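First up is the structure itself, then whatever we jot down about it.
Atoms within a ligand are numbered from 1 in the order they appear, just like the ligands themselves. Remember, it's a predicted structure, so these values are computed and weren't measured experimentally.
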Amino acid sequence: MPEGMNPSSSQSLSRGHLSVYSRSGGSLSDSPEDAARPAPAPPPGSGEDNINVVVRVRPLSNKESKAKDNFVVQFPGNGQLLLEGAPLPAGGSSPGSGNATKSRLFSFNAVFEPGATQEDVLNYSGVRRLISMAVEGFSCTVFCYGQTGSGKTHTLTGPPGLFDGQVDPQSPDHGLVCRSFQFLFQQLRERSDFHFVLKASFLEIYNEKVIDLLNPGSARKPLAVRWSKKSRGFFVENLFTVDCEELDDLLAVLEEGMRNRSVGSHGMNDHSSRSHTILTVHIAAERQMSEDGVFISRQGKLNFVDLAGSEMTKKTHSEGKTLEEANNINKSLMVLGYCIASLSDPKKKGHIPYRDSKLTKLLADSLAGNGVTLMIACISPAKSNMSESLNTLRYAARAKKIRTKPIIMMVRKGATHCHAVDVHRGPVYTPARGLHWSYAVVPRGQMAYR
Ligand SMILES: Nc1ncnc2c1ncn2[C@@H]1O[C@H](COP(=O)(O)OP(=O)(O)OP(=O)(O)O)[C@@H](O)[C@H]1O
């Protein structure tokens, strides 16, 4: 148990550490065995996928325990979470609702109780399936969302200090990123039918500026975010990408980025991320399709996004530089909130304000494009953080309604030329094999994920 956390708060939970909701045929809540299998095809005809959402509740911190803060979260099971005594909005329809409270029940793909380990999060959040899908050519994103000090960085990379000095890759404190890298290489070793090429990049968005965390020699010179007509998405110009042949190379990328990112201290977290970070692993899988030198290359992607936490500056006692950072963090999270609200409301079919922040430009494809996305909402169980936890859970519940259209991106390379094609997985009939799931290569622009 890392320093600063109250061990008794996790011991007080007797119902196990995980509460999983398994949709029939759903893609999350996988057992380790399920997740190790290749990602199954989505149901025929759907072509769409919901953003999967899990919640992690951290233990009470020592500070919260010392202040005799109450533990206000209950775990009824089945992916449900009950927030006790949440305030009703002032001016609500019920009489006297200004001071009134009500317990609120939420339902997610999985809920991790305070005693859940880092390994539990790898095994039961659905991230193993996401990695399998990235290997197959899908663009996959894991992002952590929540108030400052709620455990986002702890969940993705581990507790503070883990990357100072010599790093032990076997440390039980490692978060989802290091564990995912190990699982990814395990998957690649099992796929000898493809030749894989991995590249990684690591950036942060600090005060609305994109900084390359792998190229600090550039004196933190901000990079431009541009729109690519070809890929119909935003990208960061001149971002450093590193070839990663071995697991150690990916771990070196993680360590380097973690050392270079912006961290600060305020009233609610001594090691607070002052920026949003995005670590991306590009996974190109190439296979020779015919004797005459035609290759198919699948272009998968795995993004790990550690969002800076929303802050009530009164509570964090931010001032000067920390206040400027907090304002930028809150502003970009507000734009993200607008985007999530618009995307989750089927009546709002119009404009989504992606262009209003660098963060939403770079997350646009994960939120509503062709990607597969997992959101990990992190909350504190303390009564003093009730309204922030309620906000996070509302965001998370909204995000769960967003639907994306995952597709595999492939490039077909001939012996003398190379051109892009779109590839679909779906039912194909051949006399030899009958009806079976397979890939179909179609000219760009005639995409249909079936
Ligand atoms: N599940 C957990 N178990 C044990 N300790 C935890 C857990 N989650 C968070 N912590 C501890 O709580 C503290 C704050 O967590 P962390 O820095 O990850 O929060 P954060 O949400 O990333 O905050 P910020 O937005 O300010 O960066 C850290 O010391 C971390 O190790």
Side-chain angles (χ1 to χ4, degrees), residues 1-13 17-18 54-65 69 71 73 75 110-122 124-125 142-164 171-179 204-206 258 261-277 279 304-313 315-318 322-323 325-326 328-330 332-333 336 359 375-382 385 388-389 391-392 395-396:
M1 172 94 33
E3 232 179 282
M5 288 293 130
N6 174 19
S8 65
S9 60
S10 58
Q11 281 163 6
S12 68
L13 287 154
H17 305 315
L18 172 73
V54 302
V55 175
R56 188 176 196 187
V57 185
R58 69 156 165 78
L60 283 174
S61 67
N62 282 347
K63 201 172 164 190
E64 289 161 346
S65 298
D69 215 335
F71 194 103
V73 181
F75 306 97
V111 174
F112 295 94
E113 301 180 19
T117 62
Q118 303 283 50
E119 185 69 10
D120 287 335
V121 180
L122 174 81
Y124 300 102
S125 62
V142 183
F143 75 95
C144 276
Y145 180 89
Q147 89 176 105
T148 187
S150 58
K152 300 177 294 297
T153 306
H154 182 97
T155 297
L156 275 182
T157 48
L162 191 61
F163 293 91
D164 300 346
S171 162
D173 287 340
H174 273 297
L176 212 46
V177 178
C178 179
R179 287 163 196 278
E204 72 175 355
I205 307 174
Y206 176 76
M258 290 303 288
R261 79 202 171 104
S262 305
V263 179
S265 167
H266 58 62
M268 293 189 73
N269 191 355
D270 292 340
H271 303 270
S272 177
S273 309
R274 308 314 290 154
S275 61
H276 310 297
T277 60
L279 195 170
F304 293 96
V305 184
D306 186 2
L307 297 175
S310 53
E311 292 177 31
M312 285 190 180
T313 45
K315 269 185 167 181
T316 53
H317 311 297
S318 301
T322 319
L323 182 63
E325 291 165 351
N328 275 300
I329 292 168
N330 287 341
S332 57
L333 290 174
L336 177 65
L359 176 69
M375 173 181 183
I376 305 179
C378 296
I379 62 165
S380 147
N385 290 318
E388 290 96 331
S389 299
N391 269 339
T392 299
Y395 256 70

Inset, instruction - Can you measure from CZ (Arg274) to CD1 (Ile329) and round to the nearest 0.5 angstrom? - result: 4.0 Å

Inset, instruction - Ignoring hydrogens and angles, state whether a donor on the side chain of Ser65 or Asn62 is under 3.5 Å from an acceptor on the partner side chain. - result: no

Legend entry - Any side-chain donor near an acceptor of the partner, Ser275 and Arg261, under 3.5 Å: no

Legend entry - Minimum heavy-atom distance between Ile379 and Val73, given as atom pair plus value: CD1-CG2, 4.2 Å

Atoms of ligand 1 close to [X] [distance to a heavy atom under 4.0 angstrom, numbered from 1]:
X	answer
Pro159	31 (O)
Arg56	1 (N)
Ser150	19 (O), 20 (P), 21 (O)
Gly309	25 (O)
Ser272	24 (P), 26 (O), 27 (O)
Gln147	21 (O)

Inset, instruction - Take every heavy atom of Pro160, measure it against each atom of ligand 1, and state whether any distance is under 4.0 Å. - result: yes

Inset, instruction - Measure the distances from the heavy atoms of Gly146 to every atom of ligand 1 and state whether one is below 4.0 angstrom. - result: no

So is [X] polar-close to ligand 1, meaning N/O to N/O under 3.5 Å?
X	result
Val57	no
Ala308	no
Arg58	no
Lys152	yes

Inset, instruction - Check Asp69, Thr148, Asn385 against Ser380 for a side-chain hydrogen bond (donor to acceptor under 3.5 Å, both in side chains) and give me the one that passes. - result: Asn385

Legend entry - Arg58 and its side-chain hydrogen bond (donor to acceptor under 3.5 Å, both in side chains) partner, picked from His154, Glu113, Glu64: Glu64

Inset, instruction - Heavy-atom distances under 4.0 Å are what count here, so tell me which part of Cys144 touches ligand 1: side chain, backbone, both or neither. - result: neither

Legend entry - Stepwise side chain to side chain contact (heavy atoms under 4.5 Å, CB included) test for Leu162 and Ser171: CA-CA 9 Å; Leu162 191 61; Ser171 162; 3.8 Å; yes

Legend entry - Lys152 side-chain N/O to Cys378 backbone N/O, donor-acceptor pair under 3.5 Å: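 Not a single qualifying donor-acceptor pair exists.
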
Legend entry - Any side-chain heavy-atom pair of Phe75 and Pro114 under 4.5 Å: yes

Legend entry - Selected option - heavy-atom contact closest to atom 30 (C) of ligand 1, from His271, His154, Arg274: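 Among His271, His154, Arg274, the closest heavy atom to atom 30 (C) of ligand 1 belongs to His154.
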
